[in-house]
Amino acid sequence: MNLLVTGGAGFIGSHFVLRHIEQYPDDTIVVLDTMTYAADKTFLQPVLQRIRFIEGDIADIELVSRLVLTYGIEVIVNFAAETHVDRSIQNAVPFIHSNIIGVQGLIEVCRASPDLLLIQISTDEVYGDLASGEEPFSLNSALKPSSPYAASKASGDLLLMAAVRTYGIRVRMTRCTNNYGPHQDASKLLPVIIHNALQNKKIPIYGEGRQSRDWLYVTDHNDAVELVIQKGQDGHIYLIGAGNEHENIQVATTVLNVMGKSADLIQFVPDRPGHDWRYTLDSSSIRALGWEPKVTFEDGIRKTVDWYRHR
Ligand code: NAD
């Protein structure tokens, strides 16, 4: 298979590239990435000789079309996005560009190549948040995004769903919960906890740390994405969650325990505006394809801490 992996120098995309090359060494992989603050080419160092790396934007329709034709691309896996909620609150414009205009660019490319399959990596954040004790989000839940980031991802999803109906392009979409693992940008929650703990610095936790997320180890996520490519159905959405719900304060204390550091490092700071309370997903759609998570929360935290410790 010939794949174009967009956003392949970021956190989840780089793990996907490493995993795919290992499982399918004869496949052609082209990585397209604008190299924002969240990207790091060194993540791809072990396979750089075996892939094509192009610095460029998914919104550049001419460039993406040329890559599709030149390399005979059969599948685009779109990890490319602006992803940091706090940054979207400061300035939503780059989010509109990558997560909406960029997605429309990919739609235009797919319209010109009707056999091309687009895998869109979306997020549980498009559903807004849940109250404590409420049933997990399902495929029937309404889109109710709370942040500019989530609204931009929901907009991209809606454009894709409309394009499937209007133009008959081939799209499979995934929505996953919070990923964790090596390669994540230093400004996200887990890397901040680990970096600060390593330097015995205070660890800022929003509000009282009671917000709850369903944590998904990045390699488990990519196992699911691979399954959607191999066995999924066009026009379907797959919800991916490991059922590992933990409050932010529990995440911080688990990391500190693993690192042998004191919980006194935790410092509560004023909450993020519009901060979602809780997310979790009904993952029966992906489990029906035979997926289940393999990495326990404690093991995942240990692997993550080890990676940041030895960076
Ligand atoms: P990331 O920010 O680490 O990586 C995104 C990558 O996309 C970066 O390398 C960046 O340079 C690139 N990029 C941004 N705009 C681009 C553009 N216009 N053209 C080409 N490349 C561009 O993000 P991530 O955590 O790896 O997330 C990947 C995908 O998974 C995103 O779509 C995100 O919405 C989704 N997702 C992430 C999580 C999570 O917990 N990290 C959870 C749910 C969904």
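Here the structure is a predicted model, which is why all the values come from computation and not from measurement. The first residue in the sequence is number 1, and the count goes up from there.
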Do the side chains of [Y] and [X] get nearer than 4.5 Å, heavy atoms only?
X: Val17; Y: Ile51; value: yes
X: Ile54; Y: Val30; value: yes
X: Trp291; Y: Val228; value: no
X: Tyr24; Y: Met1; value: no
X: Leu63; Y: Ile61; value: no
X: Val47; Y: Phe53; value: no
X: Val218; Y: Gln184; value: no

Does [atom1] belonging to [X] count more than 12 external heavy atoms closer than 6.0 Å?
X: Glu135; atom1: CD; value: no
X: Gln230; atom1: CD; value: yes
X: Arg19; atom1: CZ; value: yes
X: Glu134; atom1: CD; value: yes
X: Glu62; atom1: CD; value: no
X: Lys202; atom1: NZ; value: yes

Sole residue of Asp276, Asp129, Asp271 in side chain to side chain donor-acceptor pair (under 3.5 Å) with Gln211: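 Between Gln211 and the candidates, side chain to side chain donor-acceptor pair (under 3.5 Å) is satisfied uniquely by Asp271.
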With distance as the sole criterion, is a donor-acceptor pair present between the side chains of Tyr206 and Asp86 under 3.5 Å?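 Yes, Asp86 and Tyr206 have a side-chain donor paired with an acceptor closer than 3.5 Å.
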Under 6.0 Å from the six-membered ring centre of Tyr37 and within 45° of its axis: does the NZ or CZ of Arg87 meet both? yes
Could you label the plane-to-plane angle of the His221 and Phe79 rings as parallel, tilted or perpendicular, counting under 30° as parallel and over 60° as perpendicular?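 If you compare the ring of His221 with that of Phe79, the planes turn out perpendicular.
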CD of Glu245 to CG of Asp214: how many Å apart, nearest 0.5 Å? 6.0 Å
When you look at Arg175 and Tyr127, which way does the side-chain hydrogen bond (donor to acceptor under 3.5 Å, both in side chains) test go after all the steps? CA-CA 10 Å; Arg175 292 185 179 136; Tyr127 295 119; 2.8 Å; yes
Residues Trp277, Ser132; criterion side-chain hydrogen bond (donor to acceptor under 3.5 Å, both in side chains); working and verdict: CA-CA 8 Å; Trp277 182 246; Ser132 304; 3.0 Å; yes
